[in-house]
Trainee: 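Can you keep this structure in mind? I'll have questions shortly.
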There are 2 protein chains.
Amino acid sequence: MAHPKPGFPEPEHNHGVCVADALAAAAERCAARGARLTDIRREVLEVVWSSHRPIGAYDILADLGRDGRRLAPPTVYRALDFLLEHGLVHRVASRNAFFGCPSPGHATAVELLICTECGSAVEVQEQRVSAAVAGAATRHDFEVLPQTIEILGRCAACRAAA
Amino acid sequence: MAHPKPGFPEPEHNHGVCVADALAAAAERCAARGARLTDIRREVLEVVWSSHRPIGAYDILADLGRDGRRLAPPTVYRALDFLLEHGLVHRVASRNAFFGCPSPGHATAVELLICTECGSAVEVQEQRVSAAVAGAATRHDFEVLPQTIEILGRCAACRAAA
DNA sequence: CGCTCGACTGTTATAATATAACATCAATGC
DNA sequence: GCATTGATGTTATATTATAACAGTCGAGCG
Ligand SMILES: [Zn+2]
Ligand SMILES: [Zn+2]
Ligand SMILES: [Zn+2]
Ligand SMILES: [Zn+2]
């Protein structure tokens with residue numbers, strides 16, 4: 001069962017499905033690429049997916065350390081590097097944080113809509129945005145690299161609450 | 001004399017003109033808004049404009065400290081906060097750096113094309129990008145905030161060199 | 001003038017994010 | 001067994017950013 005709807009997730013949705021889907025997709029992608037999804041890497045990915053909000057490396061570290069383990073920053077950063085390299089998470093520069101990619105290996109560029117109030121985010125693929133960016137780049141003799149465009153704003157829930 | 005061309009600046013252009021224009025525009029804007037462009041703020045802006053590359057706060061600090069002065073980080077960050085508040089510089093999240101705005105007070109959203117090889121950047125206003133972003137936001141019931149979209153890639157000069 | 005107020009800057013310390021460098025360990029293939 | 005490789009552990013440090021409070025300085029006012 002795939003994630004029921006596009007757009008910002010419903011507050012009441014069954015998030016376990018999101019996590020299970022993400023872990024399954026990650027395992028599949030790693031197998032296909034001959035990459036090892038080790039325990040630590042899987043656990044980091046699971047923490048990243050514990051919400052639909054980009055999460056900082058040190059928050060991941062704190063979460064993994066809750067059961068008495070003492071991990072050091074490099075352990076988490078190395079796992080994140082691996083996950084980034086294989087397209088399983090996105091780096092969110094505007095927040096110094098990381099966000100689980102719901103469609104690892106997507107062919108086209110993606111955009112991230114990030115709510116500055118509640119911190120939640122959603123990955124979208126908007127052809128028109130990519131096309132406009134590509135057009136702008138061409139006009140300025142610029143070669144666009146594959147990347148995640150970050151768009152900051154307010155989600156519907158936060159707007160409704162205000 | 002305004003900056004001669006849009007797009008990435010020619011290597012040989014008269015950069016003194018860029019700096020002079022930027023400082024004049026800043027002074028004018030501050031006067032119009034009743035804001036005080038103090039010595040430190042003007043000096044920080046000048047350092048930001050010393051190249052067409054986004055520059056980090058600590059690099060600004062080092063530059064200002066070259067003539068024997070010893071400034072502390074808060075001094076620079078406060079000046080940058082002021083310049084950000086009045087639209088005289090942009091924060092470049094993807095590089096933890098700051099970039100001089102060539103058109104302070106621009107009504108519409110702007111995009112920043114950033115070369116990952118040479119580090120240089122250019123601010124552009126692409127209607128189609130803003131429109132596409134606005135459209136995407138609408139479709140996802142998302143309210144876009146004013147911001148600078150960062151687009152990473154390779155400039156023509158770096159492509160030619162490779 | 002002497003005073004007060006607010007904006008600006010100085011100073012010290014520290015928080016938050018990220019990486020360098022080297023040691024250890026485990027699996028794999030010879 | 002033993003070298004090779006990739007993964008993790010460990011310690012220290014680099015880089016970016018802010019908190020908190022003290023001093024300065026000029027504008028306005030009695
Ligand atoms: Zn979910
Ligand atoms: Zn929100
Ligand atoms: Zn110039
Ligand atoms: Zn370049």
Side-chain angles (χ1 to χ4, degrees), chain A residues 26-27 29-31 33-48 53-65 67-86 88-99 114 116 119 150, chain B residues 26-27 30-31 33-48 53-86 88-99 114 116 119 150:
Chain A
R29 183 161 168 82
C30 287
R33 308 183 101 207
R36 290 178 50 196
L37 187 60
T38 62
D39 285 351
I40 286 188
R41 292 166 176 173
R42 183 173 32 246
E43 287 165 22
V44 167
L45 183 59
E46 203 167 341
V47 174
V48 166
R53 269 169 273 123
I55 185 173
Y58 279 76
D59 289 334
I60 296 171
L61 192 56
D63 204 282
L64 287 177
D67 50 340
R69 287 198 294 184
R70 290 166 320 166
L71 297 184
T75 302
V76 167
Y77 279 101
R78 281 191 291 236
L80 287 169
D81 285 344
F82 172 89
L83 297 171
L84 284 167
E85 184 184 344
H86 294 285
L88 301 172
V89 303
H90 297 288
R91 181 188 294 276
V92 185
S94 64
R95 316 212 54 143
N96 291 323
F98 302 85
F99 185 72
I114 305 162
T116 55
E150 299 176 28
Chain B
C30 287
R33 310 182 101 205
R36 291 177 48 196
L37 187 59
T38 62
D39 284 352
I40 286 189
R41 291 165 177 173
R42 184 174 28 247
E43 288 165 21
V44 167
L45 183 59
E46 203 168 339
V47 174
V48 165
R53 269 170 271 121
I55 184 173
Y58 279 77
D59 289 333
I60 296 171
L61 193 55
D63 203 283
L64 286 177
R66 275 188 316 181
D67 50 342
R69 289 197 295 185
R70 290 166 320 168
L71 297 184
T75 301
V76 167
Y77 277 101
R78 281 191 290 233
L80 287 169
D81 285 344
F82 171 89
L83 297 172
L84 285 167
E85 185 183 343
H86 294 286
L88 301 173
V89 304
H90 298 289
R91 181 189 293 278
V92 185
S94 64
R95 314 214 84 189
N96 292 322
F98 301 86
F99 185 71
I114 304 161
T116 56
E150 300 176 28

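Convention: sequence-line order gives letters A, B, ...; per-chain numbering from 1.
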Trainee: Using a distance-only criterion (donor-acceptor N/O pair, under 3.5 Å, no hydrogens), is the base of D/dG9 paired with the side chain of A/Arg78?
Mentor: yes
Trainee: Side chain of B/Arg41, backbone of B/Phe82: donor and acceptor closer than 3.5 Å?
Mentor: no
Trainee: Can you tell me the distance, in whole Å, between the CZ atom of A/Arg95 and the C1' atom of D/dA17?
Mentor: 16 Å
Trainee: Please confirm whether the shortest side-chain N or O distance from A/Thr75 to OP1 or OP2 of D/dT10 is below 4.0 Å.
Mentor: no
Trainee: Would the distance check show the side chain of A/Arg91 and the main-chain N or O of A/Leu84 forming a donor-acceptor pair, the cut-off being under 3.5 Å?
Mentor: no
Trainee: Please list, in 5' to 3' order, the outermost nucleotides of DNA chain C lying under 4.0 Å from any heavy atom of chain B.
Mentor: C/dC8 to C/dT12
Trainee: Is B/Glu150 reaching over with its side chain to a backbone N or O of B/Ala93, donor-acceptor style, under 3.5 angstrom?
Mentor: yes
Trainee: Between A/Arg69 and A/Glu43, is there a salt bridge with N-O shorter than 4.0 Å?
Mentor: yes
Trainee: Using atom CG of A/Leu71 as one end and atom C1' of D/dA7 as the other, report the distance to the nearest whole Å.
Mentor: 14 Å
Trainee: Please compare B/Pro73 and B/Arg41 by the position of their nearest nucleotide in DNA chain C and report the one closer to 5'.
Mentor: B/Arg41
Trainee: Are A/Leu88 and A/Cys30 side-chain neighbours, meaning at least one heavy-atom pair lies under 4.5 Å?
Mentor: yes
Trainee: May I have the distance from A/Asn96 (atom CG) to D/dT15 (atom P), rounded to whole angstrom?
Mentor: 16 Å
Trainee: Is a salt bridge present between B/Asp81 and B/Arg78, judged by a nitrogen-to-oxygen distance below 4.0 Å?
Mentor: no
Trainee: Give the rounded distance in Å between these two atoms: CG of B/Leu84 and C1' of D/dT18.
Mentor: 15 Å
Trainee: Whole-Å distance between D/dT8 C1' and A/Leu64 CG?
Mentor: 14 Å
Trainee: Would you kindly give the CZ-to-P distance between A/Arg36 and D/dT5, to the nearest whole Å?
Mentor: 15 Å
Trainee: Any side-chain heavy-atom pair from A/Asp63 and A/Ile55 closer than 4.5 angstrom?
Mentor: no
Trainee: Between P on D/dT15 and CG on B/Asp59, what's the gap in Å once rounded to a whole number?
Mentor: 10 Å
Trainee: Does D/dT16 have B/Tyr58 stacked on its base, where the ring centres are within less than 5.5 Å and the planes differ by under 30°?
Mentor: yes
Trainee: Round to the nearest Å and state the distance from B/Asp39 atom CG to D/dT24 atom P.
Mentor: 18 Å
